[in-house]
Amino acid sequence: KNTVAGYLKQPSAVIADAVMILSNNWDDTKSWLSLSNRVAKATTVNTAIVSGIVPTAGGNYSGGAENFPRFMETWGNNVAFTYYGSMVQLFASEQATGIWGKANVYSAPKRSWFFDTQFYTEPPPGTLTLISYKKGRWYFE
């Protein structure tokens with residue numbers, strides 16, 4: 001189930017150079033403190049994400065899919081990040097280009113990722129539409 005009681009889910013899309021997920025416990029006043037002071041709380045996100053990545057190159061691993069939505073808190077294996085949506089990587093990030101895996105950035109959440117089947121009937125705003133055609137033989141009638 002991708003919603004909770006009293007929550008009216010709307011189709012949405014986040015399109016950015018990089019997407020940072022902040023938990024329901026995020027506190028801006030603690031953003032400059034060490035990782036141990038930025039403790040996450042279980043969070044669910046319903047949105048399509050279209051974003052860039054930092055490509056793996058020169059011996060630096062980009063983090064791949066596990067770093068596509070980025071984090072800044074201590075999550076741990078018992079704190080859940082639940083995602084319903086669709087992720088599309090279209091380009092290399094231009095702004096958020098730091099090396100993945102540095103200390104004191106985040107500890108990984110327990111990830112539960114799902115495709116949002118509501119997108120079949122109510123696609124998110126800004127959805128790309130593709131049209132294709134096949135050239136056939138030309139002839140006169």
Side-chain angles (χ1 to χ4, degrees), residues 1-140:
K1 183 175 176 183
N2 61 358
T3 61
V4 294
Y7 175 70
L8 178 60
K9 186 171 71 107
Q10 297 293 319
S12 68
V14 175
I15 303 169
D17 182 71
V19 175
M20 184 72 63
I21 301 293
L22 303 174
S23 82
N24 291 327
N25 201 40
W26 179 256
D27 181 348
D28 283 341
T29 64
K30 296 180 180 180
S31 63
W32 60 276
L33 298 175
S34 68
L35 181 59
S36 62
N37 293 292
R38 301 185 318 258
V39 180
K41 177 170 129 176
T43 300
T44 298
V45 172
N46 298 87
T47 191
I49 298 175
V50 179
S51 185
I53 62 162
V54 176
T56 297
N60 291 321
Y61 175 54
S62 74
E66 73 258 33
N67 195 40
F68 186 68
R70 301 172 192 193
F71 301 96
M72 292 180 57
E73 297 167 273
T74 299
W75 291 77
N77 291 330
N78 296 322
V79 182
F81 169 64
T82 305
Y83 175 76
Y84 289 91
S86 177
M87 296 183 216
V88 178
Q89 181 268 314
L90 288 180
F91 47 82
S93 294
E94 295 286 327
Q95 300 297 314
T97 59
I99 297 173
W100 181 76
K102 286 187 175 179
N104 204 32
V105 175
Y106 81 98
S107 66
K110 175 184 174 188
R111 295 177 177 102
S112 297
W113 293 353
F114 306 94
F115 172 71
D116 189 343
T117 56
Q118 182 181 5
F119 288 166
Y120 288 136
T121 56
E122 296 178 66
T127 299
L128 303 173
T129 302
L130 300 175
I131 299 171
S132 67
Y133 66 93
K134 182 177 179 182
K135 182 179 173 185
R137 182 175 169 202
W138 295 96
Y139 59 94
F140 289 105

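Just so you know, residue 1 is the first one in the sequence shown, and it goes up from there.
Donor-acceptor pairing under 3.5 Å is recorded for the side chains of Ser34 and Asn37.
Of all the heavy atoms in Ala65 and Pro69, the pair that sits closest is O-CD, 3.8 Å. Contact detail for Val105 and Leu35: the closest heavy-atom pair is O-CD1, 3.5 Å. Considering every non-hydrogen atom in both Phe68 and Gln89, the closest pair reads CE1-CB, 3.6 Å. Scanning both residues, Met72 and Arg38, for their nearest heavy atoms gives O-NE, 2.7 Å. The two residues Thr74 and Ser107 make their nearest non-hydrogen contact at CA-OG, 3.2 Å. The two atoms that bring Pro124 and Phe119 nearest to each other are CD-CD2, 3.5 Å, heavy atoms only.
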Check the pair Asp28, Trp26 against side chain to side chain donor-acceptor pair (under 3.5 Å), reporting the backbone distance first and the verdict last.
CA-CA 7 Å; Asp28 283 341; Trp26 179 256; 2.6 Å; yes
| query | Yes or no on side chain to side chain contact (heavy atoms under 4.5 Å, CB included) for Phe114 and Thr82, after CA distance, side-chain angles and deciding distance? | reply | CA-CA 8 Å; Phe114 306 94; Thr82 305; 4.1 Å; yes
Between Val88 and Ile49, is the side chain to side chain contact (heavy atoms under 4.5 Å, CB included) condition met? List the steps.
CA-CA 6 Å; Val88 178; Ile49 298 175; over 6 Å; no
Side chain to side chain donor-acceptor pair (under 3.5 Å) between Ser23 and Asn25: does it pass, once the steps are laid out? CA-CA 5 Å; Ser23 82; Asn25 201 40; 5.4 Å; no
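Annotation: side chain of Val45 is in contact with side chain of Phe81 (closest heavy-atom distance under 4.5 Å).
Within a 6.0 Å radius of CG in Asn78, other residues, nucleotides and ligands contribute 12 heavy atoms or fewer.
The main-chain N or O of Phe91 is never found under 3.5 Å from a side-chain atom of Ser93 such that the two would form a donor-acceptor pair. Judged by distance alone, the side chain of Arg111 and the main-chain N or O of Tyr83 form no donor-acceptor pair under 3.5 Å. Between the side chain of Asn46 and the backbone N or O of Gly85 there is no donor-acceptor pair closer than 3.5 Å. Formation of a donor-acceptor pair under 3.5 Å by the Asp17 side chain with backbone atoms of Glu94 is found in this model.
Rounded to the nearest 0.5 Å, atoms CD1 (Ile21) and CZ (Arg70) are 11.5 Å apart. Annotation: the span from Asp27 atom CG to Leu22 atom CG amounts to 11.0 Å, rounded to 0.5 Å.
Taking the six-membered ring for Trp and the full ring otherwise, Phe115 and Tyr120 have centroids separated by under 6.0 Å.
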Extract all donor-acceptor atom pairs below 3.5 Å that involve side chains of residues 52-60 and protein atoms in other chains or at least two apart in sequence.
residue: Thr56; atom: OG1; partner: Ser62; partner atom: N; Å: 3.0
residue: Thr56; atom: OG1; partner: Ser62; partner atom: OG; Å: 3.2

